[in-house]
Amino acid sequence: MNRIKEIRMSLNMRQKDLALAAGVSSPFMHDLENGNRNAKPETMQKIAEALGCSVDALNGGHPDGKIAECG
């Protein structure tokens, strides 16, 4: 889930702040960003909302190939 980290960093957001906003633990967010955990669709939706973007954006873009905007 490097896209989560990429978007988070582009927003100058700390990992623990994103975790708090999304309602998950900091260790979970760390593991998710490093590819050591997977998130349920509901959790991905909360993360997307906290980042101001869509779940599609977290997954790399839209089905039509466009990169989704965040923030």
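FYI, the numbering just counts along the sequence from 1. Hydrogens, waters and symmetry mates are skipped; everything else that's a heavy atom, side chains included, is used.
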Identify every side-chain donor-acceptor pair in residues 40-51 under 3.5 Å, counting partners at least two apart or on other chains, and give the distances.
from	atom 1	to	atom 2	distance (Å)
Gln45	NE2	Glu49	OE2	3.1

Donor-acceptor list for residues 23-30 side chains, cut-off 3.5 Å, not counting sequence neighbours:
from	atom 1	to	atom 2	distance (Å)
Ser25	OG	Phe28	N	3.1
His30	NE2	Asn34	ND2	3.2

Using atom types as modelled, flag every donor-acceptor pair under 3.5 Å from a side chain in residues 8-19 to any protein atom, sequence neighbours excluded.
from	atom 1	to	atom 2	distance (Å)
Arg8	NE	Glu33	OE2	2.7
Arg8	NH1	Met13	O	2.9
Arg8	NH2	Glu33	OE1	3.0
Ser10	OG	Ile7	O	2.7
Arg14	NE	Asp17	OD2	2.9
Arg14	NH2	Asp17	OD1	3.2
Arg14	NH2	Asp17	OD2	3.4
Gln15	NE2	Glu33	OE1	2.7

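A distance of 10.5 Å separates CD of Glu6 from CG of Leu58, quoted to the nearest 0.5 Å.
Using a 4.5 Å cut-off between side-chain heavy atoms of Ile, Leu, Val, Met, Phe, Trp and Tyr, with links allowed through other members, Leu32 and Leu20 fall into different hydrophobic clusters.
Residue pairs meeting the salt bridge (charged side-chain N to carboxylate O under 4.0 Å, His left out) criterion with at least one partner in residues 21-30, sequence neighbours excluded, do not occur; the list is empty.
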